[in-house]
Participant: 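Here it is: the structure, laid out below.
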Amino acid sequence: MGKSAADDKILSYNDVVLRRSDLDILSGPYFLNDRIIEFYFSYLSSCHVSQDILLVPPSIAFWILNCPDATYLKEFIEPLKLPEKKLVIFPVNDNDDMSLAEGGSHWSLIVYERNGNVFVHHDSNHGMNKIKARKLFSAVVGFMGDSTSASKAKYLDCVDSPQQTNGYDCGVYVIAVARAICCWYESSEHKDAEGMWFSFVKEQVTSAAVSQMRKEILQLIKGLMEKK
């Protein structure tokens with residue numbers, strides 16, 4: 001496929017524009033890019049319509065993580081209205097180069113849950129993004145609320161997070177875990193002993209489910225294309 005064909009716009013969904021090359025990424029054994037994760041986060045937001053839930057787009061999470069000036073960071077974060085949210089999901093990418101769009105080689109995610117006042121890092125590759133995740137936590141924790149308790153939220157690396165079995169499915173695990181946690185939040189039936197989502201995520205995010213999810217997203221995109 002030529003470059004021009006790969007760049008063809010195939011779908012506009014909310015504020016996300018998908019290209020034909022994104023279908024190829026989903027079809028093959030390839031690392032998910034920012035656009036696909038942003039698309040699915042936007043889709044999840046449409047499915048779980050709640051002022052309590054915020055799924056942060058990858059581009060915004062990346063900027064927060066790598067913002068060189070704390071003054072700009074405050075102005076950038078305030079429109080997210082983090083103190084009003086009870087569940088916030090941030091994708092984490094290991095890209096260090098602010099000038100390189102869609103860089104990096106690994107995705108993970110951090111989830112803030114207000115009732116427990118805790119940030120939980122889910123990494124499908126043995127904590128590969130641990131340093132990046134702690135950096136993002138440090139950047140946002142002071143903006144989670146006006147109360148002293150919110151600014152002193154705990155940080156936890158989930159050691160029992162579902163693990164990928166190859167070198168390219170980290171992004172699929174991110175969206176699979178995000179989907180499971182959104183479902184968990186809206187149901188009172190899936191709370192574990194600590195009132196958290198860990199057991200539900202382990203039940204839902206299996207290797208088989210992740211493998212199937214690529215096909216599900218492809219079908220979703222093609223279905224939305226047909227409606228346009």
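Basis for what follows: all heavy atoms, side chains included, without hydrogens, waters or symmetry-related copies. Predicted, not measured: the structure shown is a model, and the values here were computed from it.
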Participant: Establish, yes or no, whether a centroid distance under 6.0 Å links the rings of Tyr168 and Phe31.
Facilitator: no
Participant: About how many Å separate CD1 of Ile175 and SG of Cys182, when rounded to the nearest 0.5 Å?
Facilitator: 12.0 Å
Participant: Could you walk me through whether Leu26 and Ile221 satisfy the side chain to side chain contact (heavy atoms under 4.5 Å, CB included) test, starting with their C-alpha distance in whole Å, then the side-chain angles of each, then the deciding distance to 0.1 Å, before giving a yes or no?
Facilitator: CA-CA 10 Å; Leu26 285 165; Ile221 293 171; 3.6 Å; yes
Participant: For the residue pair Pro91 and Phe41, establish whether any side-chain heavy-atom pair is separated by less than 4.5 Å.
Facilitator: yes
Participant: Do you know which two heavy atoms are closest between Ser27 and Leu218, and how far apart they sit?
Facilitator: OG-CD1, 3.5 Å
Participant: Taking the side chain as everything from C-beta on, heavy atoms only, tell me whether Asp15 gets closer than 4.5 Å to Ser42.
Facilitator: no
Participant: From Leu136 CG over to Ile131 CD1, what is the distance, rounded to the nearest 0.5 angstrom?
Facilitator: 14.0 Å
Participant: Using every non-hydrogen atom in the two residues, find where Asn14 and Ser46 come nearest and quote the distance to one decimal.
Facilitator: ND2-OG, 3.5 Å
Participant: Test Val172 against every option in Ile217, Val177, Val210 by the side-chain contact (heavy atoms from CB on, under 4.5 Å) rule and name the one that passes.
Facilitator: Val210
Participant: Rounded to the nearest 0.5 Å, how far apart are OG of Ser161 and CG of Asp123?
Facilitator: 7.5 Å
Participant: Phe143 and Leu73: side chain to side chain contact (heavy atoms under 4.5 Å, CB included), yes or no, with the steps?
Facilitator: CA-CA 10 Å; Phe143 297 99; Leu73 184 60; 4.1 Å; yes
Participant: Indicate the atoms forming the closest heavy-atom contact of Ala180 with Val205, along with that distance.
Facilitator: CB-CG2, 4.2 Å
Participant: Heavy-atom count around Tyr30 OH within 6.0 Å, excluding the residue itself: above 12?
Facilitator: no
Participant: On the 0 to 90° scale, with breaks at 30° and 60°, tag the Tyr40-Tyr43 ring pair as parallel, tilted or perpendicular.
Facilitator: tilted
Participant: Does a side-chain heavy-atom distance below 4.5 Å link Lys9 with Arg19?
Facilitator: yes
Participant: Taking C-beta and beyond as the side chain, do Pro162 and Gln204 meet within less than 4.5 Å on heavy atoms?
Facilitator: no
Participant: Heavy atoms only: give me the nearest Leu18-Arg35 pair and the separation to one decimal.
Facilitator: CD2-O, 3.9 Å
Participant: Taking C-beta and beyond as the side chain, do Val120 and Phe198 meet within less than 4.5 Å on heavy atoms?
Facilitator: yes
Participant: Which distance, rounded to the nearest 0.5 Å, do you find between the CD of Glu38 and the CG of Asn33?
Facilitator: 10.0 Å
Participant: For a 4.5 angstrom cut-off between non-hydrogen side-chain atoms, does Ile10 reach Met225?
Facilitator: yes
Participant: Cluster question for you: counting only ILVMFWY and a side-chain heavy-atom cut-off of under 4.5 Å, with indirect links fine, are Leu44 and Val111 together?
Facilitator: yes
Participant: How long is the span from the OH atom in Tyr112 to the NZ atom in Lys154, to the nearest 0.5 Å?
Facilitator: 9.0 Å
Participant: List the atom of Gly171, the atom of Ile37, and the distance in Å for their closest heavy-atom pair.
Facilitator: CA-CD1, 4.2 Å
Participant: When hydrophobic residues are tied together by side-chain contacts of less than 4.5 Å, even through go-betweens, does Trp184 share a cluster with Leu156?
Facilitator: yes
Participant: Counting only pairs under 3.5 Å, give me each side-chain donor-acceptor contact of residues 49-71, with atom names and distances, residues two or more places apart or in other chains.
Facilitator:
unit_1 : atom_1 : unit_2 : atom_2 : d
Ser50  : OG     : Asp52  : N      : 3.0
Asp52  : OD2    : Tyr185 : OH     : 3.3
Asn66  : ND2    : Phe62  : O      : 2.9
Asp69  : OD1    : Thr71  : N      : 2.8
Asp69  : OD1    : Thr71  : OG1    : 3.2

Participant: For residues 124-141, pull every pair meeting side-chain hydrogen bond (donor to acceptor under 3.5 Å, both in side chains), keeping only residues two or more places apart or in separate chains.
Facilitator: Asp96-Lys132, Ser108-Asn129, Ser124-Gln164, His126-Gln163
Participant: Report yes or no: does Ser211 contribute a side-chain atom to a donor-acceptor pair with the main-chain N or O of Ser207 at less than 3.5 Å?
Facilitator: no
Participant: Taking the inter-plane angle between the rings of Phe137 and Tyr155 on a 0 to 90° scale, is it parallel (under 30°), tilted (30 to 60°) or perpendicular (over 60°)?
Facilitator: tilted
Participant: Is there a path of hydrophobic side-chain contacts, each under 4.5 Å between heavy atoms of I/L/V/M/F/W/Y residues, joining Val16 to Leu224?
Facilitator: yes
Participant: Which pairs count as ring pair (Phe, Tyr, Trp, His ring centres under 6.0 Å) when at least one residue sits in residues 205-228, sequence neighbours excluded?
Facilitator: none
Participant: Which heavy-atom pair separates Phe76 from Pro79 by the least distance, and what is that distance?
Facilitator: O-CD, 3.3 Å
Participant: Determine, using the 4.5 Å side-chain heavy-atom cutoff (strictly less than), whether Tyr72 and Val141 are members of one ILVMFWY cluster.
Facilitator: yes
Participant: Any donor-acceptor pair under 3.5 Å linking the side chain of Trp107 with the backbone of Leu32?
Facilitator: yes
Participant: Can you tell me if Lys74 has over 12 outside heavy atoms packed within less than 6.0 Å of its NZ?
Facilitator: no
Participant: Quick one: does Arg114's side chain have a donor or acceptor within less than 3.5 Å of a partner on Val88's backbone?
Facilitator: no
Participant: Measure the CG-CD1 distance between Leu87 and Ile181 for me, rounded to the nearest 0.5 Å.
Facilitator: 7.0 Å
